[in-house]
Amino acid sequence: EAIVRLEQVCKAYNVGEPNETEVLHAIDLELEAGGFLALVGPSGSGKSTLLNIIGLLDRPTSGSLSIAGEPTSRLDDAEITHLRGHEIGFVFQSHMLISAFTACENVMMPMVVANGRASAAIEQRALDLLDRVGLTPVANNRALNMSGGQQQRVAIARALAMRPRLILADEPTGNLDTQSAEGVFQLMRDENLASGTTFLIVTHNMALATRCDRIIEVVDGRITQGQRPQG
Ligand code: ADP
Ligand code: ADP
């Protein structure tokens, strides 16, 4: 069962301008539910653009994208925002935490936004998530006082908050030393195996990529490897 399906997806920037450039060319791609998938390719090949499209942060110029069997082209902006908020979690290289907030407050954030206000239940779920990523001792520390690896764990806990079916991670270990990178990678793998959450992870680290279920490679805006699930 595919959680994500792209058919003939093209993406151009600066459409209609003299400098219009197509950076994704007729992408066909299928991501199986429950997969733990690596997205690799040279810098500038279109990985972030592809992640933004799959994550509903940007729309294809042409072609179709379905999430859990639902074609997204028919959805209006409010429906897209709702789908993104409930089905997709994001982890970025520069974790994007609010540095003056505590770890707990950062993890509460998507739940507070969805609920309209904070609650004891939301705080408890945030603390449970921080426990899952091994951060109970620093749950009330401000993000700015945490190490890179700790901050990335907070970002993963936050990404898990809404129980999304898909987590998109853009170089989540890119700024980390080898040991912290290993911990963050293993944490995502454990979560994938425990909850069945699908992960799509952009990485330049081939040692980590080869430990994923499948490697999807993008070169010059085309998929050159791993277009469909194996077997
Ligand atoms: P990667 O993530 O693989 O490094 P990107 O998706 O960031 O690749 O970029 C693919 C190409 O699209 C690059 O040539 C980049 O300069 C261009 N690009 C990315 N974002 C924009 C944008 N907002 N406007 C114009 N060009 C862009
Ligand atoms: P990455 O490390 O993922 O390749 P980049 O440093 O290429 O990211 O790009 C960072 C941000 O700048 C992205 O949001 C991307 O869309 C945007 N961007 C990249 N290239 C261009 C460009 N040529 N024009 C405008 N925005 C761009």
Side-chain angles (χ1 to χ4, degrees), residues 3-32 35-67 72-73 75 77 80-81 83-84 87-97 148 151-152 155-156 158-159 164 166-176 178 180-181 184-185 188 192 198-229:
I3 177 89
V4 173
R5 180 171 283 120
L6 288 85
E7 285 172 288
Q8 295 292 300
V9 164
C10 298
K11 176 65 186 179
Y13 288 112
N14 308 311
V15 174
E17 310 281 323
N19 59 344
E20 175 170 337
T21 6
E22 188 177 272
V23 301
L24 294 179
H25 315 292
I27 301 271
D28 287 320
L29 178 65
E30 203 179 299
L31 307 184
E32 66 275 30
F36 192 73
L37 311 168
L39 181 60
V40 307
S43 187
S45 59
K47 303 180 298 297
S48 298
T49 300
L50 184 57
L51 218 61
N52 287 346
I53 286 174
I54 293 173
L56 305 172
L57 294 167
D58 203 355
R59 295 218 190 219
T61 312
S62 63
S64 74
L65 164 68
S66 300
I67 304 283
T72 56
S73 58
L75 304 177
D77 286 349
I80 290 278
T81 302
L83 189 61
R84 183 173 61 233
E87 301 290 7
I88 302 170
F90 296 91
V91 178
F92 297 99
Q93 179 169 8
S94 51
H95 51 75
M96 309 265 203
L97 301 180
Q151 293 191 31
Q152 207 52 294
I156 291 169
R158 182 183 55 183
L166 174 65
I167 290 188
L168 301 174
D170 201 348
E171 297 194 49
T173 63
N175 285 330
L176 304 179
T178 308
S180 304
V184 164
F185 182 84
M188 292 190 290
N192 162 253
T198 307
F199 280 78
L200 179 62
I201 303 168
V202 175
T203 184
H204 285 111
N205 184 329
M206 285 312 290
L208 295 182
T210 53
R211 289 159 59 191
C212 293
D213 297 334
R214 170 160 58 121
I215 296 178
I216 300 160
E217 183 186 52
V218 185
V219 178
D220 289 342
R222 298 175 204 280
I223 308 272
T224 51
Q225 184 190 320
Q227 194 165 19
R228 303 206 180 282

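Treat the numbers as computed from the prediction; the structure is a model and nothing was measured. Whatever order the structure lists ligands and atoms in, that order sets their numbers, starting from 1.
- Taking only nitrogen or oxygen atoms, main chain and side chain alike, G44 reaches within less than 3.5 Å of ligand 1.
- Rounded to the nearest 0.5 Å, atoms NZ (K11) and OG1 (T21) are 10.5 Å apart.
- Under a 4.0 Å N-O distance rule, the pair R84/D77 does not qualify as a salt bridge.
- To the nearest 0.5 Å, atom CG of residue N52 and atom CZ of residue R59 are 14.0 Å apart.
- Of the polar atoms of N14, none of the N or O atoms is found under 3.5 Å from an N or O of ligand 1, judged by distance alone.
- Enclosure of atom CG in D220 is not indicated, since only 12 or fewer non-hydrogen atoms of other residues, nucleotides or ligands lie within 6.0 angstrom.
- For ligand 1 and S48, the ligand atoms under 4.0 Å from any heavy atom of the residue are 1 (P), 2 (O), 6 (O), 7 (O).
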Problem set entry | Verdict with supporting geometry, I80 and T72, side-chain contact (heavy atoms from CB on, under 4.5 Å) | CA-CA 7 Å; I80 290 278; T72 56; 4.2 Å; yes
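- Counting the atoms of ligand 1 from 1 in the order shown, those under 4.0 Å from a heavy atom of P42 are 3 (O).
- The backbone and the side chain of T49 each have at least one atom closer than 4.0 Å to an atom of ligand 1 (non-hydrogen atoms only).
- No donor-acceptor contact under 3.5 angstrom links the side chains of T49 and D58, judged on distance only.
- Using a 4.0 Å cutoff on heavy atoms, S43 counts as a contact of ligand 1.
- Of all atoms in ligand 1, listed by their number and element, those nearer than 4.0 Å to a heavy atom of K47 are 1 (P), 2 (O), 3 (O), 4 (O), 6 (O), 8 (O).
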